[in-house]
Amino acid sequence: MNIQFEAPDKVNGLMTITLETADYQPEVEKTLKDYRKRANIPGFRPGQAPMGMIKRQFGTSVKVDVVNKMLGEKLYEYVRENKIQMLGEPLPSDQQEQLDFEGEQPLVFKFDIAVAPQFEAKISGKDKVEYYNITVDDKLIDQQVEMYQSRAGHYEKVENFDGEQRDMLKGDLRELDEKGNVKEGGIEVSDAVLMPQYMKVEDQKKLFDGAKLGDIITWNPRKAYPESDVEVSSLLKIQKEEVKNHEGDFTYQITEISRFTKAEINKELFDQTFGEGTVKNEKEFRQKIADQISTQFKSDSDYKFLLDVRKHMEKKIGKLEFPEALLKRVMLNNNKDKGADFVEKNFDASIKELAWHLIKEQLVAAQGIKIEDADLKETAKEAARAQFAQYGMANVPDEYLENYAQEMLKKRENVDGLVDRAVDVKLTAALKSVVKLDEKAISLEDFQKMLQEK
């Protein structure tokens, strides 16, 4: 066997693998003997068919299978041992000549291999990168306090409707005919729930202003929700397709009015939000919320920092040369169902991401970053904690986070993303201690605007 690799321009590689008969024939003979033992050929007892017949019947296909397997093993072994940074999969070369698998002559295979460009991604204390510290002000704390109050709030029965108070109505719906009488055989719904403040049309919404318990309101559901057949069908308990048959007026007799009341800022709210006894007064409650917001903002600041590291390194290294024609072939081969137009539209963005991937690989290696099982578990727990926080659950017991994280790690589709996240977290922490940080205070509003502009 002979393997030759050449890449005159450093990025377009050509690998030539020559297989002599002696390289693959022993494995072919062994495989054919196994075939003979298992072959069930009419006129012969199992395992007794002539070897010549086995070779004529299976010889070429076995040879192809053995050679293809050997090719793959030797190609990747060569790439690994010679530290060739291959991009994507090797592709059959345009220089490949027709092969004769039935003859005894050497088999010569040629593969085009995309090779990563050579460059050095060095970063040190001489490199200055911006780091934005998001300010936690009273306005943000107030918003979070109100959110916790709302989550812990409840409805109370009242006598009069007030649309400004998020009041919820319960009542009986009856369909009317063209004369304004209750329609015979028409729709009737008991205990129908309405929140008029969410109606899309103002004149329908105003019909409920000042309503009291027991009042009968004449209104039109179809006009109140002109763009939502789903909402009307849900209210009237009918199929969406039937809405067009019920576009007239209805009466609504109010049987119950409930008003949403936010929870008071007291010990009950403190315990429900952060666990019993954790917070003793409003000052500690607000401080705990401030600490919580700061922790969340740190992740946002770190995310922006890594974006700025990327921008800094891309500018520092400059444009990298890639084997574009070959990479387009690789991309097309991986997206056969999407076609050449898809490749052309997405190629530049893919190359940009590939360049950053190669830069980040060097940064990760230089910082000696390795991802252990413990890192993955901690990343999964942080992801779980963030998900619970979205629902206002700020004090989830660690055992629940552990169980949730373990379930996440059982799904293969989650693991790659968690590995990437774990790498980013460790790389960010490492680089913050390497580069010179240009720290800047910024409001949340300005920070969000800055990200949107990016």
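Below, all heavy atoms of this structure are taken into account, side chains as well, without hydrogens, waters or symmetry copies. The shown structure was predicted, so the numbers you read here are calculated from the model rather than taken from an experiment.
Residues in residues 77-86 take part in these side chain to side chain donor-acceptor pair (under 3.5 Å) pairs, two or more places apart or across chains: Q85-E361. The stretch residues 418-430 participates, sequence neighbours left out, in these salt bridge (charged side-chain N to carboxylate O under 4.0 Å, His left out) pairs: K360-D424, D375-K426. Counting only residues at least two apart or in different chains, salt bridge (charged side-chain N to carboxylate O under 4.0 Å, His left out) contacts with residues 88-98 are absent. Judged as a ring-ring contact (aromatic ring centres under 6.0 Å, His included), the pairs with a partner in residues 107-139 (not counting sequence neighbours) are, in order, Y131-F305. The stretch residues 231-241 participates, sequence neighbours left out, in no salt bridge (charged side-chain N to carboxylate O under 4.0 Å, His left out) pair at all. Sorted by first then second residue, the ring-ring contact (aromatic ring centres under 6.0 Å, His included) pairs that include residues 345-367, not counting sequence neighbours, number zero.
Taking 4.0 Å as the cut-off between side-chain N and carboxylate O, K328 and E324 do not count as a salt-bridged pair. The pair E146-K262 counts as a salt bridge, with a side-chain nitrogen and a carboxylate oxygen less than 4.0 angstrom apart. Looking at R385 and E382, a side-chain N of the basic residue comes within less than 4.0 Å of a carboxylate O on the acidic one, giving a salt bridge. Salt bridge present: K304 and D308 bring a charged side-chain N and a carboxylate O closer than 4.0 Å. Salt-bridge annotation for K10 and E321: absent, with no side-chain N of the basic residue lying under 4.0 Å from a carboxylate O of the acidic one. With respect to the salt-bridge test (charged N to carboxylate O, under 4.0 angstrom), the residues D302 and K432 qualify.
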Could you list the donor-acceptor pairs under 3.5 angstrom formed between side-chain atoms of residues 16-24 and any protein atom two or more places apart in sequence or on another chain?
residue : atom : partner : partner atom : Å
T16     : OG1  : K110    : NZ           : 3.4
T21     : OG1  : E104    : O            : 2.9
D23     : OD1  : M1      : N            : 3.2
D23     : OD2  : M1      : N            : 2.9
D23     : OD2  : E20     : N            : 2.7
Y24     : OH   : K63     : NZ           : 3.4

Could you tabulate the donor-acceptor pairs under 3.5 Å formed by side-chain atoms of residues 402-411, not counting sequence neighbours?
residue : atom : partner : partner atom : Å
E402    : OE1  : K377    : NZ           : 3.2
N403    : ND2  : E399    : O            : 3.3
Y404    : OH   : Q387    : OE1          : 2.7
E407    : OE2  : K410    : NZ           : 3.0

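Side-chain atoms of D167 come within 3.5 Å of backbone atoms of D162 as a donor-acceptor pair (strictly under, hydrogens ignored). Side-chain atoms of Q197 never come within 3.5 Å of backbone atoms of Q165 as a donor-acceptor pair (strictly under, hydrogens ignored). Put simply, the side chain of T273 never gets that close to the backbone of F270: no donor and acceptor are under 3.5 Å apart. When atom types are taken as modelled, the side chain of D138 and the backbone of I141 share no donor-acceptor pair closer than 3.5 angstrom. The main-chain N or O of E284 is found under 3.5 Å from a side-chain atom of N281 such that the two form a donor-acceptor pair. Side-chain atoms of Q292 do not come within 3.5 Å of backbone N or O of K288 as any donor-acceptor pair.
Side-chain contact, S93 with D112: a donor N or O sits under 3.5 Å from an acceptor N or O. Defined by atom type and a distance below 3.5 Å, a donor-acceptor pair is present between the side-chain atoms of S443 and D446. Donor-acceptor pairing under 3.5 Å is recorded for the side chains of H154 and E156. At a cut-off of 3.5 Å, with distance as the only test, a side-chain donor of E29 or Q25 sits close to an acceptor on the other residue. Of the N and O atoms on the side chains of D9 and N12, at least one donor lies less than 3.5 Å from an acceptor on the other residue.
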Practice item. Before giving the answer on side chain to side chain contact (heavy atoms under 4.5 Å, CB included), spell out for K205 and E202 the whole-Å C-alpha distance, their side-chain angles and the decisive distance to 0.1 Å. Key: CA-CA 5 Å; K205 186 188 300 186; E202 201 62 33; 3.8 Å; yes
Practice item. Go through the steps for K157 and I257 under the test side chain to side chain contact (heavy atoms under 4.5 Å, CB included), then give the verdict. Key: CA-CA 6 Å; K157 303 290 189 296; I257 304 174; over 6 Å; no
Practice item. Mind running side chain to side chain contact (heavy atoms under 4.5 Å, CB included) on Y225 and V243 for me, showing each step along the way? Key: CA-CA 11 Å; Y225 307 103; V243 169; over 6 Å; no
Review point. Is there a side chain to side chain donor-acceptor pair (under 3.5 Å) between N220 and Q204 once you walk through the steps?
Key: CA-CA 7 Å; N220 190 299; Q204 291 294 314; 6.0 Å; no
Exercise for review: Determine, step by step, whether D229 and R222 satisfy the salt bridge (Lys or Arg N to Asp or Glu O under 4.0 Å) criterion, reporting the C-alpha distance in whole Å, the side-chain angles of both residues, the deciding distance to 0.1 Å, and the verdict.
Suggested key: CA-CA 8 Å; D229 287 353; R222 190 72 180 86; 3.0 Å; yes
Exercise for review: Start with the C-alpha gap between M15 and L75, add the side-chain angles, then the distance that decides, and say whether side chain to side chain contact (heavy atoms under 4.5 Å, CB included) holds.
Suggested key: CA-CA 8 Å; M15 183 176 289; L75 188 152; 3.7 Å; yes
Review point. For K440 and E130, what are the C-alpha separation, side-chain angles and deciding distance, and is it a salt bridge (Lys or Arg N to Asp or Glu O under 4.0 Å)?
Key: CA-CA 7 Å; K440 298 179 179 180; E130 294 171 328; 2.8 Å; yes
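Heavy-atom neighbours of Q105 CD from other residues, nucleotides or ligands within 6.0 Å: above the threshold of 12. Counting heavy atoms of neighbouring residues, nucleotides and ligands inside a 6.0 Å radius, atom OH of Y400 does not exceed 12 of them. More than 12 heavy atoms of other shown residues, nucleotides or ligands fall within 6.0 angstrom of atom NZ in K316. Residue E268 qualifies as open at atom CD: its count of foreign heavy atoms under 6.0 Å is 12 or below. Within 6.0 Å of CD in E439 there are more than 12 heavy atoms belonging to other residues, nucleotides or ligands. The environment of OH in Y155 is crowded: more than 12 heavy-atom neighbours from other residues, nucleotides or ligands sit within 6.0 Å.
Listed here is the closest heavy atom pair of D127 and K122: OD2-O, 4.2 Å. Taking every heavy atom of both residues into account, A430 and I369 meet most closely at CB-CD1, 4.4 Å. Counting all heavy atoms, side chain and backbone alike, W219 lies closest to A224 at CZ3-CB, 3.7 Å. Taking both residues in full, the closest heavy atoms of T135 and F297 are given as O-CE1, 4.1 Å, listed atom of the first, atom of the second, then distance.
Checked against salt bridge (charged side-chain N to carboxylate O under 4.0 Å, His left out), D142 has the following partners two or more places apart in sequence or in another chain: R286. K267 meets the salt bridge (charged side-chain N to carboxylate O under 4.0 Å, His left out) test with D271; sequence neighbours excluded. Among residues two or more places apart in sequence or in another chain, the side chain to side chain contact (heavy atoms under 4.5 Å, CB included) test is passed with K33 by M51. For D398, the salt bridge (charged side-chain N to carboxylate O under 4.0 Å, His left out) partners at least two apart in sequence or on another chain are K381.
Relative orientation of the Y148 and F285 rings is tilted, given thresholds of 30° and 60° on the angle between their planes.
Counting heavy atoms from C-beta outward, Q149 and L269 have side chains that approach closer than 4.5 Å. In this structure the side chain of N346 reaches within 4.5 angstrom of the side chain of M331, judged on heavy atoms.
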